[in-house]
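Below, read A as the first sequence line, B as the second, and so on, with proteins coming before strands; counting in each chain starts at 1.
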Number of protein chains: 2
Amino acid sequence: MMKMISIGALGKATGVNIETIRYYERIALLPEPDRTSAGYRQYGEEHLRRLSFIRKGRDLGFSIEAIRALLRLAEHPEQPCEDADRMTAAHLAEVERKIEELGRLRDALREMARCCAGTVAECRIIDALAS
Amino acid sequence: MMKMISIGALGKATGVNIETIRYYERIALLPEPDRTSAGYRQYGEEHLRRLSFIRKGRDLGFSIEAIRALLRLAEHPEQPCEDADRMTAAHLAEVERKIEELGRLRDALREMARCCAGTVAECRIIDALAS
DNA sequence: GCTTGACCCTGTAGCCGCTACAGACCCCAT
DNA sequence: ATGGGGTCTGTAGCGGCTACAGGGTCAAGC
């Protein structure tokens, strides 16, 4: 007999919000679990594994659709993993792009910051936006 | 007589999408302009200045609400600019936080990437998520 | 004068990835 | 019997746009 757990227990075990778990079910990222006679969701090992996978993917910043694809891949261990490789590379490139963009932002903000002991009229921040 | 321009011209001048301009009006970030007899929006210098301000603020990553506050500040040049200073510092801190977070993400992704010439079963990427 | 095509209008719905209710039901301990 | 937790469904909201549909308007060219 498999050990079944409630949605609250699953949430605690994976660090995923209960509402989010139900959301994942709604968008068919997590399969519908069995129910108790009262209609409560009951999860088993497989759900726990799958949700952990999703959680780790999200923590790595993969989109839901990317995770959907990665899950499909994970279900076919005999296939080549080019796709996973390509997705990771693309995501990495995107992250690197964002870092650069934020770096430029940071520089611009540092440039502006510490403007004032003065009034708005002489404020470098407001000036940078208004000019 | 002030030179009036259409929403399309305003969009071109500021680099802001027309739909976005109307959105800014709807959320009262940009004041309602006059209309021609046919109901077309007509913008003047002041709108142009204000929308440029908004655009620059958005480019710097300020939230709409932050920009709203900065605009209010800009309208009161005699006041002290502590608020602008504080908001910029907070935003800068947030950007720096995000950069660090993305940096950690990048490292984790680099660690995983270039896993394979093999199958999913031996894929470091899938493994990292599943384990 | 008429057509064509570019512009503009309103209103609404969708995107992503959740999150937050309301209002009900259920389970267990006291 | 009661109370306090957990759970259920369904829907609406967040930020910041973006994308229509289905219409009206304007200016240039014939």
Checklist entry - Nearest-Å distance, CD1 (A/I64) to P (C/dC15)? => result 14 Å
Next on the checklist: Among residues at least two apart in sequence or on other chains, which ones pass side chain to side chain donor-acceptor pair (under 3.5 Å) with A/E96?
Outcome noted: B/R110
Anything under 3.5 Å between a protein N or O and an N or O of nucleotides 9-13 of chain D, put it in a table, one pair a line.
from, atom 1, to, atom 2, distance (Å)
D/dT9, OP1, A/R35, NH1, 3.1
D/dT9, OP1, A/R35, NH2, 3.0
D/dT9, OP2, A/R41, NH1, 3.0
D/dT9, OP2, A/R41, NH2, 2.7

Next on the checklist: Under 4.0 Å, heavy atoms only, any strand: does B/S63 hit a base, just the sugar-phosphate, or nothing?
Outcome noted: sugar-phosphate
At a cut-off of 3.5 Å, list every protein nitrogen or oxygen paired with a nitrogen or oxygen from nucleotides 28-30 of chain C, distance to 0.1 Å.
none

Next on the checklist: Heavy atoms from C-beta onward define the side chain here; which of D/dT25, D/dC17, C/dT19 lies closest to that of B/A38?
Outcome noted: D/dT25
Checklist entry - Residues in side chain to side chain donor-acceptor pair (under 3.5 Å) with A/E19, at least two apart? => result none
Next on the checklist: I'd like to know if A/Y23 and A/I7 are part of one continuous hydrophobic network [Ile/Leu/Val/Met/Phe/Trp/Tyr, side-chain heavy atoms within less than 4.5 Å].
Outcome noted: yes
Checklist entry - For B/T36, which contact category applies under a 4.0 Å heavy-atom criterion: base, sugar-phosphate, or nothing? => result nothing
Item to check | Counterpart residues, side chain to side chain donor-acceptor pair (under 3.5 Å), relative to A/R86 (two or more places apart) | outcome: A/D83
Checklist outcome for this item: Separation of D/dA27 atom P from B/Y40 atom OH, nearest Å, is 9 Å
Item to check | pair B/L92-A/R106: side-chain heavy atoms closer than 4.5 Å | outcome: yes
Checklist entry - Rounded to the nearest Å, what distance is computed from the OH atom of residue B/Y43 to the C1' atom of nucleotide C/dC7? => result 14 Å
Checklist entry - Among all residues two or more places apart in sequence or in another chain, which pass the side chain to side chain contact (heavy atoms under 4.5 Å, CB included) test with B/A66? => result B/F62, B/S63, B/M87
Next on the checklist: Quick check on the hydrophobic clustering: are B/L71 and B/L60 connected, directly or via other members, by side-chain heavy-atom contacts under 4.5 Å?
Outcome noted: yes
Next on the checklist: I need the CG-C1' distance between B/N17 and C/dC7, as an integer number of Å.
Outcome noted: 14 Å
Checklist entry - Residues two or more places apart in sequence or in another chain: which of them pass side chain to side chain contact (heavy atoms under 4.5 Å, CB included) with A/K98? => result A/E94, B/L102
Restricting both atoms to N or O, compile the protein contacts to nucleotides 1-4 of chain D shorter than 3.5 Å, with distance only.
none

Item to check | Contact summary for A/K56 and B/L129, nearest pair of heavy atoms | outcome: CD-O, 3.5 Å
Checklist entry - A/Q42 CD to D/dG6 P: how many Å, rounded? => result 18 Å
Item to check | A/T20 vs C/dT19: side-chain N/O to OP1/OP2 distance below 4.0 Å | outcome: yes
Item to check | Between C1' of D/dC8 and CD of A/E25, the distance in whole Å | outcome: 11 Å
Checklist entry - Rounded to whole angstroms, how far apart are CD1 on A/I54 and C1' on C/dC18? => result 14 Å
Checklist outcome for this item: Separation of D/dG16 atom P from B/Y23 atom OH, nearest Å, is 7 Å
Item to check | By side chain to side chain contact (heavy atoms under 4.5 Å, CB included) - contacts of A/D59 (at least two apart) | outcome: A/R55
Checklist outcome for this item: Here the side chain to side chain donor-acceptor pair (under 3.5 Å) pairs for residues 32-53 of chain A, sequence neighbours left out, are A/E25-A/R41, A/E46-A/R49, A/R50-A/E75
Item to check | Straight-line distance of B/I64 CD1 to B/L29 CG, nearest 0.5 Å | outcome: 5.5 Å
Checklist entry - How is A/I18 classified with respect to the nucleic acid when contacts are heavy atoms under 4.0 Å: base, sugar-phosphate, or nothing? => result sugar-phosphate
Next on the checklist: Test your reading of the model: is there a side-chain donor-acceptor pair from B/Q79 to the backbone of B/H76, 3.5 Å cut-off?
Outcome noted: no
Checklist entry - Under the side chain to side chain contact (heavy atoms under 4.5 Å, CB included) test, which residues partner B/R72, sequence neighbours left out? => result B/R68, B/A69
Checklist entry - To the nearest 10 degrees, what angle separates the axes at the start and end of the helix from C/dG1-D/dC30 to C/dT30-D/dA1, five pairs each? => result 20°
Checklist entry - How do A/F62 and B/I7 order along DNA chain C: which one's closest nucleotide is nearer the 5' end? => result B/I7
